[in-house]
Amino acid sequence: MDASVPGYATIAAMALTVYVTRIAGSELMSRIAMTARLEAMLKTMAASVLVAIVVSECARGGARDSLAVVAAAALMLATRNPYAAMTAGVAVAAAFSFLEI
Amino acid sequence: MTLTFSGFCKGFRSLSWLAVFLIPFGIAFGAAAVERGIPVAQAIFMSAAVFSAAAQFAALPLWDQGTVLSLVLVVLAVSTRHILLGAALSPWLNQISRTRRLAGLSVLSDPNFAESSAAFERGERDAGRLVGGGAALWLSWVTGSAIGAVAGETFGDLNRFGIDALMVSYFTAMILARWLDRWQGRHTVLPALTAAAVALVGLHLLPAGWNIVAAALAGGAVGGLIHGR
């Protein structure tokens with residue numbers, strides 16, 4: 001099948017789907033009464049998402065990604081600079097690739 | 001809460017370096033899409049309209065035999081995390097006008113979510129930064145996709161430069177940024193451990209991406225329980 005057949009209409013449908021997920025959380029919350037506990041839950045959820053992403057990536061990527069995360073964490077704690085952290089993580093990952101571990 | 005151009009600029013600047021280094025990811029998508037037989041213009045349009053690496057990469061293997069419905073369902077499945085991100089930002093975002101909110105959320109993504117939520121917890125009140133950060137990411141994603149679609153094969157495997165560790169390093173930094181700004185003691189440790197545990201267990205038991213959703217819900221639930229009334 002010619003791969004251009006799905007085409008622009010399909011892409012538009014995909015785009016609309018993703019857009020709906022982007023606004024759904026906020027729209028849902030605007031219809032629910034906010035309590036202090038609910039707000040605490042939402043804010044904790046924010047941190048939890050990032051923890052989950054990082055942990056999953058370490059599990060999937062093994063030593064290379066895990067050490068990159070450790071390096072990023074170390075630099076962030078030492079310098080409070082996210083760019084230093086990113087550089088450290090990328091450098092460690094690149095070193096692993098270079099040494100073909 | 002407000003949403004101003006000044007905030008937009010702050011957010012744009014804040015994420016501009018990350019965005020530049022994310023261009024290789026866009027290149028990877030553009031090259032992969034064209035390799036699947038997708039016309040260059042459609043590949044670029046997809047990145048501009050969908051603006052989601054996860055959804056776009058997930059849809060690629062289905063491109064030949066998939067129906068519109070199956071493509072939409074795959075995109076929906078990998079995008080459910082956005083619902084959580086939007087809900088997590090709602091304590092702040094729902095204070096601005098609905099029109100601005102619905103427009104600004106169009107560029108919601110993990111990195112600008114991470115940057116904005118950390119900023120809002122520090123006391124920043126301009127939601128423009130979410131949009132500005134998203135704009136930087138969008139520009140880099142579309143630019144990278146265009147380069148990849150047109151000239152992909154020339155680059156080879158970009159992972160040898162460690163670029164694939166960029167996002168996870170940034171997220172690590174954002175997690176710690178919260179702690180450094182306002183150490184909340186036991187209130188953050190238990191939910192974080194819960195989220196980590198659920199994420200790991202779910203990685204093998206649940207379909208791709210759903211372990212993140214489950215982990216976020218579990219961490220949030222623990223945070224709500226600890227908080228008390």
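Each of Ala94(A), Ser26(A), Ala72(A) has some count of heavy-atom pairs under 4.5 Å with chain B, and the biggest count is that of Ser26(A). The candidate with the highest count of non-hydrogen atom pairs below 4.5 Å against chain A, out of Ser79(B), Ala49(B), Ala114(B), is Ser79(B). Each of Ala59(B), Ser90(B), Ala216(B) has some count of heavy-atom pairs under 4.5 Å with chain A, and the biggest count is that of Ala216(B). For the options Ala165(B), Ser109(B), Ala173(B), heavy-atom pairs under 4.5 Å to chain A are most numerous at Ala173(B). Each of Asp110(B), Leu203(B), Thr172(B), Val75(B) has some count of heavy-atom pairs under 4.5 Å with chain A, and the biggest count is that of Thr172(B). Of the residues considered (Val51(A), Leu77(A), Thr35(A)), Val51(A) shows the highest number of contacts with chain B, using heavy-atom pairs under 4.5 Å. Chain B forms the most heavy-atom pairs under 4.5 Å with one residue out of Ala68(A), Ala52(A), Cys58(A), and that residue is Ala52(A). Chosen from Met167(B), Met174(B), Arg98(B), the residue pairing most often with chain A at heavy-atom distances under 4.5 Å is Arg98(B). Between chain A and the residues Ala48(B), Ala88(B), Gly202(B), the largest count of heavy-atom pairs under 4.5 Å involves Ala88(B). Residue with the most contacts toward chain B among Ile53(A), Val92(A), Leu75(A): Ile53(A) (heavy-atom pairs, distance under 4.5 Å).
Atom CZ of Phe51(B) sits about 13.5 Å away from atom OH of Tyr19(A), to the nearest 0.5 Å. Separation of atoms OG1 (Thr21(A)) and CG (Leu84(B)) is listed at 10.5 Å; rounding is to 0.5 Å. Taking CZ from Arg37(A) and CD1 from Ile226(B), the interatomic distance works out to 11.0 Å, rounded to the nearest 0.5 Å. Once rounded to the nearest 0.5 Å, the distance linking OG of Ser117(B) with CG of Leu42(A) reads 12.0 Å. The distance from the OG1 atom of Thr87(A) to the CH2 atom of Trp17(B) is 9.5 Å, given to the nearest 0.5 Å.
Of the atoms belonging to Leu108(B), heavy atoms from both backbone and side chain fall under 4.5 Å from chain A. When heavy atoms are compared at a cutoff of 4.5 Å, Leu18(B) approaches chain A by way of both its backbone and its side chain. Neither the backbone nor the side chain of Leu28(A) comes within less than 4.5 Å of any heavy atom of chain B. With a 4.5 Å cut-off on non-hydrogen atoms, Ala41(B) touches chain A through its backbone and its side chain both.
Closest approach of Ser30(A) to Arg101(B), counting heavy atoms only: CB-NH2, 4.4 Å. Looking at every heavy atom in both residues, Arg64(A) comes nearest to Gly162(B) through NH2-CA, 3.7 Å. Across all non-hydrogen atoms, the minimal contact from Thr44(A) to Pro191(B) is CG2-CB, 3.3 Å. Met76(A) approaches Ala177(B) most closely through the heavy-atom pair CE-CB, 3.9 Å. Of all the heavy atoms in Val18(A) and Ser52(B), the pair that sits closest is CG1-CB, 4.4 Å.
For Phe21(B), the CZ atom sits in a loose shell: 12 or fewer heavy atoms of surrounding residues, nucleotides or ligands are nearer than 6.0 Å. Atom CD of Gln95(B) has more than 12 neighbouring heavy atoms from other residues, nucleotides or ligands inside a 6.0 Å radius.
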Checklist entry - What do the steps show when you test Val54(A) against Ile175(B) for side chain to side chain contact (heavy atoms under 4.5 Å, CB included), and what is the final call? => result CA-CA 9 Å; Val54(A) 170; Ile175(B) 292 168; 3.9 Å; yes
Next on the checklist: Show, in sequence, the C-alpha distance, side-chain angles and deciding distance for Ser169(B) and Val69(A), and conclude whether the side chain to side chain contact (heavy atoms under 4.5 Å, CB included) test is met.
Outcome noted: CA-CA 6 Å; Ser169(B) 301; Val69(A) 165; 5.9 Å; no
Checklist entry - side chain to side chain contact (heavy atoms under 4.5 Å, CB included) between Asn94(B) and Met29(A): does it pass, once the steps are laid out? => result CA-CA 8 Å; Asn94(B) 286 16; Met29(A) 285 298 132; 3.9 Å; yes
Next on the checklist: Test side chain to side chain contact (heavy atoms under 4.5 Å, CB included) on Leu102(B) and Glu27(A); report intermediate values, then the result.
Outcome noted: CA-CA 9 Å; Leu102(B) 293 183; Glu27(A) 286 291 286; 3.7 Å; yes
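Within the 4.5 Å cutoff, the side chain of His82(B) has no heavy atoms near those of the Val20(A) side chain.
Of the residues Val168(B), Leu200(B), Ile212(B), the one that meets the side-chain contact (heavy atoms from CB on, under 4.5 Å) test with Ser56(A) is Ile212(B).
Neither side chain, Ser106(B) nor Arg22(A), offers a donor N or O lying under 3.5 Å from an acceptor on the other.
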